[in-house]
There are 2 protein chains.
Amino acid sequence: MQPKLKDVAKLAGVSVATVSRVINDRGYLSSGTKEKVYQAMRQLNYSPNSAARALRGKTFKLIGLIFASVENPLIAEAVQKIENQLFEGGYKAIICNSLDNPAKEQQYLKMLMANQVDGIITGSHNESLKEYKMSGLPIVSYDRYFPSPIPTVSCDNAAGGKLAANTLMDKGSEKLMLISGSLEKIPRNADRVAGFNQAVEAVGQKSTTVRLRFNDTPGIKRAMIRQQLSAYQPDGVFCTDDQTALLCLQEAKSLGMKVPDDLQVIGFDGSQYVQQYHPELSTIVQPIDDIVDLLVRILFNRLEQNDDQLLDRYVLPVSLLQRGSLRN
Amino acid sequence: MQPKLKDVAKLAGVSVATVSRVINDRGYLSSGTKEKVYQAMRQLNYSPNSAARALRGKTFKLIGLIFASVENPLIAEAVQKIENQLFEGGYKAIICNSLDNPAKEQQYLKMLMANQVDGIITGSHNESLKEYKMSGLPIVSYDRYFPSPIPTVSCDNAAGGKLAANTLMDKGSEKLMLISGSLEKIPRNADRVAGFNQAVEAVGQKSTTVRLRFNDTPGIKRAMIRQQLSAYQPDGVFCTDDQTALLCLQEAKSLGMKVPDDLQVIGFDGSQYVQQYHPELSTIVQPIDDIVDLLVRILFNRLEQNDDQLLDRYVLPVSLLQRGSLRN
DNA sequence: TTTTCATTTGAAAACCCTTACAATTTTCAT
DNA sequence: ATGAAAATTGTAAGGGTTTTCAAATGAAAA
């Protein structure tokens, strides 16, 4: 059995209240007792029962993380960094993979509330809007546009789409194709698509659009991409995420298209992983470090109610990472 | 404020004890009261305070997941699958990225115990052995060899190393190199290395070994690999993980070595990600689905004390995925 | 009718901690 | 030396739930 406050108190020869005070560094304490208590705690390898603390009004120091799938490199990176920062701040992270499934997301939400999490960082659907609102919890959203007052952080998806289009056209592509890696219902994606199309139309050009679904297997996606590539023979493709762009690159090559001479490709996300391990792929890079910093900062700000001036909506700039899949 | 048991009781016109009994389906209950209570719970959207429950001996239904880094595709995949299965079983997952840092791992362990997790699945160091033992918690380990009675699941690392060596030699490589992606202190890695070296020596061949460190940046790893490749000019390389193998492939190519003619490369892990998005890389594939199933099954078995006959040690077979980085 | 026993319910203790309050000791200005 | 204020410690209540125990009801058996 884990040692309790009482055990520590007995060993240190003080009352439980004193031990509690030492732990929470509260009120007056002589350095002598402090030392004795620390000693005893160390000796017993004591750590307070968080259930009991939570019951007495202290929080659990628990944050829910809801994302579509941690298998996506950018999300993995974000989760990793978020978890790190939370840990620094003394918080734990409960992980939830919604798989972009609204029902599952709703279940998660309910579970998180029942578990008294202190807050939620979500990068998933927002169909469960009611629940989010009702929860009364501090919530921060990544790349999903919640209505005020839920703060949202995202990169400038529209600008990214535009940048992709203009880059392709500047570098000589004329038959453009857009491959949307997941439903356009998701506003983030819709913005990337809209930004791209707008820029294309602005100069009187055209482009076809291919729509894949988030939950399609890579095999299915591959087949669809391959078919569209050979049917339409584009010379410039923008994919709304890097995974899709990688499939596109592969299929293009296996169709005998030369990259970047016959075909230029741009992806979106630019995780460290892709930057390191896919050196050919050009992509629109999200400033993921800044995004994570902001997400966590906003959350902490609400949790610790040190009311800094905070916006409801942060849009961070994207940048182009130009590599082999683009001409010089 | 969340509604409490008392609120439900008042609304249903019964005592708190009765409500609790309904929730836990315990003892005798008339169907009338049951219905009333359910009704009230629904009306108030009540869900029990898990802190209070935990205090009274119920478990939190919380599992700690300790891994080096969720940024590694294989780990991401494992975490994803584990989380899924836990969720099905009504459990939540707390995620811990130890970064292969024993101090951090120890902190996590302490934190998990303080948070009354019900069990732990760890794929990280085992330097904190004492803590693991002391915790008295159900623990299952992936790919780290804990002493009995902590059950350990892993793939056959030694056989994998051997398979890599024999494959390279069968396909004509004569100047072999082994690149160890992280410290050999980690037994998993040591086994891969040992298996490889054994197979090499068994036929009177030789190989050089390069040691990288887990926490080196990709840039540093890259530089070391490049230097060793050009210094030693191997014609067959086995890397103890896929990430390292990818770096090796890249550096080899940028040094002008032709793959697989001048140089054959084999990695280790074979995550879905690598299989899908790095179609050139040959690798030793871990049966990750089976591994995850087993990990979770063993854990549940201990949690729910339905004592199936279980071993302390499961070693699952690996397989070779042969692709472009190997000759036919 | 009385006795027995299964059912149904409620009152209250217990879980481990925090914190308001009270009690005691020390410090310091007068 | 005196009193007031500051510092230090302890006692006990309370937080939301589960669970033991006892009480109350009703039905069946004697």
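The figures that follow rest on heavy atoms only: side chains count, while hydrogens, waters and symmetry mates do not. In what follows, chains are A, B, ... by sequence order, proteins preceding strands, each numbered from 1.
Within 4.0 Å of B:I23, counting heavy atoms only, lies no atom of the nucleic acid at all. The residue A:S30 sits close only to the backbone: its heavy atoms come under 4.0 Å of sugar-phosphate atoms, none of a base. Residue B:R26 is in sugar-phosphate contact alone, with no base atom involved, counting any heavy-atom pair closer than 4.0 Å across all strands shown. Within 4.0 Å (heavy atoms only), B:S50 reaches no atom of the nucleic acid at all.
Straight-line distance from the CG atom of B:L29 to the P atom of D:dT25: 18 Å, rounded to whole Å. Across the protein-nucleic acid pair, B:K6 atom NZ and D:dG15 atom P stand 7 Å apart, rounded to whole Å. The separation between A:D25 atom CG and D:dA7 atom P is 15 Å, rounded to whole Å. In this entry the distance linking NZ of B:K36 with P of C:dG10 reads 8 Å, nearest Å. Atom-to-atom, CE of A:M41 to P of C:dC17 comes out at 11 Å; the value is rounded to the nearest Å. One interatomic measurement links the two molecules: CZ of A:R53 to P of C:dT18, which rounds to 5 Å at whole-angstrom precision. Following rounding to the nearest Å, B:K10 (NZ) and D:dT17 (P) show an atom-to-atom distance of 14 Å. As a whole-Å value, the separation of B:L55 CG from D:dT19 P is 12 Å.
Taking the side chain of A:L5 as heavy atoms from C-beta on, and the options C:dT18, D:dT17, C:dG10, the nearest nucleotide is C:dT18. Relative to the side chain of A:T18, the nucleotides D:dT9, C:dA12, D:dG15 differ in distance, and D:dT9 lies closest.
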*Please assess A:Y142 against A:Q286 for the test side chain to side chain donor-acceptor pair (under 3.5 Å), listing each intermediate value before the final yes or no.*
CA-CA 12 Å; A:Y142 167 41; A:Q286 297 200 40; 2.7 Å; yes

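For D:dG10, its base sits under 3.5 Å from the side chain of A:R21 at one donor and acceptor pair at least. Applying the 3.5 Å distance criterion, the base of D:dT17 shares no donor-acceptor pair with the side chain of B:R56.
A close approach under 4.0 Å does not occur between any side-chain nitrogen or oxygen of A:T33 and OP1 or OP2 of D:dT8. The phosphate of D:dT18 (OP1 or OP2) has no side-chain N or O of B:K58 nearer than 4.0 angstrom. Look at B:S15 and you won't find any side-chain N or O under 4.0 angstrom from OP1 or OP2 of C:dT9. One finds no side-chain N or O of B:Y28 lying less than 4.0 angstrom from the OP1 or OP2 phosphate oxygen of C:dT8. In this model, the phosphate group of C:dC17 is not approached by any side-chain N or O of A:N49 to a distance below 4.0 Å at OP1 or OP2. OP1 or OP2 of D:dT17 sits under 4.0 Å from a side-chain N or O of B:Y46.
The partner of C:dC21 is D:dG10, by the rule that a Watson-Crick or G-U pair needs both atom distances under 3.5 Å.
Atom CG of A:N72 and atom CD of A:E77 lie 9.5 Å apart (nearest 0.5 Å). For the atom pair CG of B:L65 and OH of B:Y108, the computed distance is 11.5 Å after rounding to the nearest 0.5 Å.
Two residues are said to be in side-chain contact when any heavy atoms from C-beta on lie closer than 4.5 Å; A:L74 and A:Y273 fail this criterion.
Annotation for A:K104: atom NZ counts as buried by contact number, over 12 foreign heavy atoms lying within 6.0 Å.
Residue B:A51 is the one, among B:A51 and B:A17, whose nearest nucleotide of DNA chain D lies closer to the 5' end (criterion: closest heavy atom).
Of all the heavy atoms in A:V153 and A:I298, the pair that sits closest is CG2-CD1, 3.8 Å.
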